[in-house]
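Quick note: numbers below take in every heavy atom, side chains included, and nothing from hydrogens, waters or symmetry partners. It should be emphasised that the depicted structure is a prediction, and the values quoted were computed from it without experimental measurement. Per chain, numbering begins at 1; letters A, B, ... match sequence-line order.
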Number of protein chains: 2
Amino acid sequence: MEYAGRGDPVRTLALLWDGLPPPKRGPRHRLHLSQIVDAAIAEADMAGQAALSMRALAQRLGIATATLYTYVPSKAELLELMVERVAEGQPLPPPETGWRRGLRDLAESDLVAYRSHPWLLQVATARTVFGPHVLARYEAALALLDDAGLPARDVTAFVAAVDSYTRGAAAAVVEAEQAPGQTGTTDDEWWESLAPLLEERMGGRFPRIAALETAGAFVVSDSTLPYTLRRALDRFEIGLDLVLDGIGARVDG
Amino acid sequence: MEYAGRGDPVRTLALLWDGLPPPKRGPRHRLHLSQIVDAAIAEADMAGQAALSMRALAQRLGIATATLYTYVPSKAELLELMVERVAEGQPLPPPETGWRRGLRDLAESDLVAYRSHPWLLQVATARTVFGPHVLARYEAALALLDDAGLPARDVTAFVAAVDSYTRGAAAAVVEAEQAPGQTGTTDDEWWESLAPLLEERMGGRFPRIAALETAGAFVVSDSTLPYTLRRALDRFEIGLDLVLDGIGARVDG
DNA sequence: CAAAACACTGTACACTGTTCGGACTATTTT
DNA sequence: AAAATAGTCCGAACAGTGTACAGTGTTTTG
């Protein structure tokens with residue numbers, strides 16, 4: 001992971017909630033902070049695997065690189081502002097939504113966010129400085145389990161479990177999605193060149209994996225989506241159901 | 001994520017299964033490939049958040065940086081060798097282990113690996129070139145669900161769900177573990193300086209979060225472990241139980 | 001009008017992974 | 001035995017990265 005709560009968190013908190021204070025003397029800022037954050041998101045989205053570059057961002061904004069640092073103390077702070085900005089655009093489950101539907105909605109919209117903004121997966125969350133929209137999302141998740149009669153420890157742990165699962169499974173989805181572009185090879189090409197060599201080394205020592213392979217579980221893309229991506233999305237739903245069922249066993253029963 | 005299946009996968013596969021072939025002419029290698037991989041793991045472990053540096057690795061080995069590239073085509077391949085090497089050291093559940101205990105063992109030993117080698121979280125898995133020990137681990141996971149009478153799609157999806165959850169929750173644990181060292185602030189200091197400022201901005205708009213805060217769910221470390229780490233470990237177990245319960249509902253019942 | 005404060009910028013520093021040309025060495029071929 | 005060759009090893013360089021610093025110009029305050 002990279003960049004979490006580096007730099008002065010008090011400053012970050014102020015930026016998140018109050019924005020950038022206008023200078024009391026001297027020339028005004030030529031840009032709004034939100035312009036920088038939006039441009040940074042756009043730039044990071046395009047960069048894909050490669051991290052956001054402050055130079056590229058400055059160029060996109062038509063300013064010098066060093067000028068960015070008059071708006072934002074460092075790249076770490078900028079990333080935190082970007083996280084908050086993404087949260088602002090995410091839908092919240094409407095009030096009166098049942099806990100299961102609500103948690104599912106939150107997880108699904110998180111998946112959408114991770115797929116649209118893969119760099120989110122790189123931002124560590126341990127020392128996240130909470131902005132209003134990130135906080136609202138957490139509040140909504142807690143609210144969903146209001147009527148379940150659970151102790152606070154379980155409520156927070158269950159929400160965290162959904163988040164952790166979502167993050168892990170979304171990483172698998174994003175990796176499957178980006179692999180062809182990153183490596184310049186389609187899933188089919190990949191397995192066609194590797195499968196025979198791998199099978200040879202495997203000998204008879206991995207019967208269950210060999211069975212999967214001959215069953216075509218690895219290759220074969222018979223849809224518009226590449227196979228590994230379709231499989232990752234399929235598994236996302238299946239695994240999410242497992243987690244929600246686990247919660248259900250402690251809520252309803 | 002960084003580095004997955006970059007470079008020639010056929011070459012990587014050969015390195016993983018057959019090792020480095022001795023040169024047919026000219027001077028022999030001064031080092032064994034395993035020395036490089038082990039040193040790389042040690043170096044990456046120490047580097048913590050910062051990524052492994054080829055220069056630092058070369059220095060540790062007492063060779064020039066460019067020499068590394070006579071052993072390994074690129075850093076991406078090296079990382080794949082490191083993953084395989086870590087898998088070699090991980091325990092497998094003994095035969096005849098029940099599926100629940102077995103999957104739990106696998107997840108727990110994965111957590112240990114993630115905590116010992118945080119860089120594992122950065123390695124993308126979509127285009128992983130499988131080495132023998134990584135494969136053996138997957139085979140063992142599949143074997144645990146042999147007697148459950150599940151279709152292959154469910155078996156693989158359930159194993160993937162445990163893996164995804166483990167990865168996500170382990171990331172939370174590792175981030176909690178590394179945060180104090182990375183930022184130079186303890187959890188307590190962090191919240192003491194931020195909590196009043198945050199509470200002020202929150203107003204009354206986040207009652208459930210405020211309730212958590214006043215209940216001391218955020219601060220207070222009354223153990224040898226920092227609080228956020230203890231909480232992350234606690235949540236790891238709770239969430240893992242949720243996933244396993246979800247699987248159990250489809251296996252036993 | 002002078003002085004302070006501040007946005008803005010070109011340049012520099014220390015770092016990254018990787019490539020290239022050359023020096024050296026051990027094996028194979030002649 | 002001599003020559004050719006493949007391959008290890010290495011110093012230096014290239015194109016990047018985030019950020020610090022000194023300097024310039026502009027706006028507001030006293």
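Looking at heavy atoms from C-beta onward, A/T186 lies out of side-chain contact with A/P180 at the 4.5 angstrom threshold. With a 4.5 Å cut-off on side-chain heavy atoms, B/Y138 and B/L106 do not count as touching. Within the 4.5 Å cutoff, no side-chain heavy atoms of B/D8 are placed close to those of B/T12.
Near-neighbour residues of DNA chain D inside residues 20-29 of chain A, defined by a heavy atom below 4.0 Å, number-ordered: A/K24, A/R25, A/G26, A/P27, A/R28. Near DNA chain C, meaning a heavy atom under 4.0 Å away, the residues from residues 30-46 of chain A are A/R30.
A/L79 has its CG atom 12 Å from the C1' atom of D/dG18, to the nearest Å. To the nearest angstrom, P of C/dT9 lies 10 Å from CG of A/L68.
Taking the charged nitrogens against the carboxylate oxygens, A/E77 and A/R11 have no contact shorter than 4.0 Å, which rules out a salt bridge. The existence of a salt bridge linking A/D187 and B/R127 is confirmed by a sub-4.0 Å separation between a basic side-chain nitrogen and an acidic carboxylate oxygen.
Pairing each heavy atom of B/R235 with each of A/T156, the nearest pair is NH2-CB, 3.4 Å.
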What protein N or O atoms touch nucleotides 10-16 of chain C N or O atoms at under 3.5 angstrom, if any, and at what distances?
from	atom 1	to	atom 2	distance (Å)
C/dT16	OP1	B/S53	OG	2.9

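Scanning for salt bridge (Lys or Arg N to Asp or Glu O under 4.0 Å) contacts around B/E84 gives an empty result, with sequence neighbours left out. Residues satisfying the side chain to side chain contact (heavy atoms under 4.5 Å, CB included) criterion with B/A40, sequence neighbours excluded, are B/L52, B/L57, B/L78, B/M82.
Sorted by first and then second residue, the side-chain hydrogen bond (donor to acceptor under 3.5 Å, both in side chains) pairs involving residues 26-38 of chain A (not counting sequence neighbours) are A/D38-A/R85.
Between the side chain of A/S53 and the backbone N or O of A/R55 there is at least one donor-acceptor pair closer than 3.5 Å.
OP1 or OP2 of C/dA7 has not a single side-chain nitrogen or oxygen of A/T67 nearer than 4.0 Å.
The residue A/Y71 sits close only to the backbone: its heavy atoms come under 4.0 Å of sugar-phosphate atoms, none of a base.
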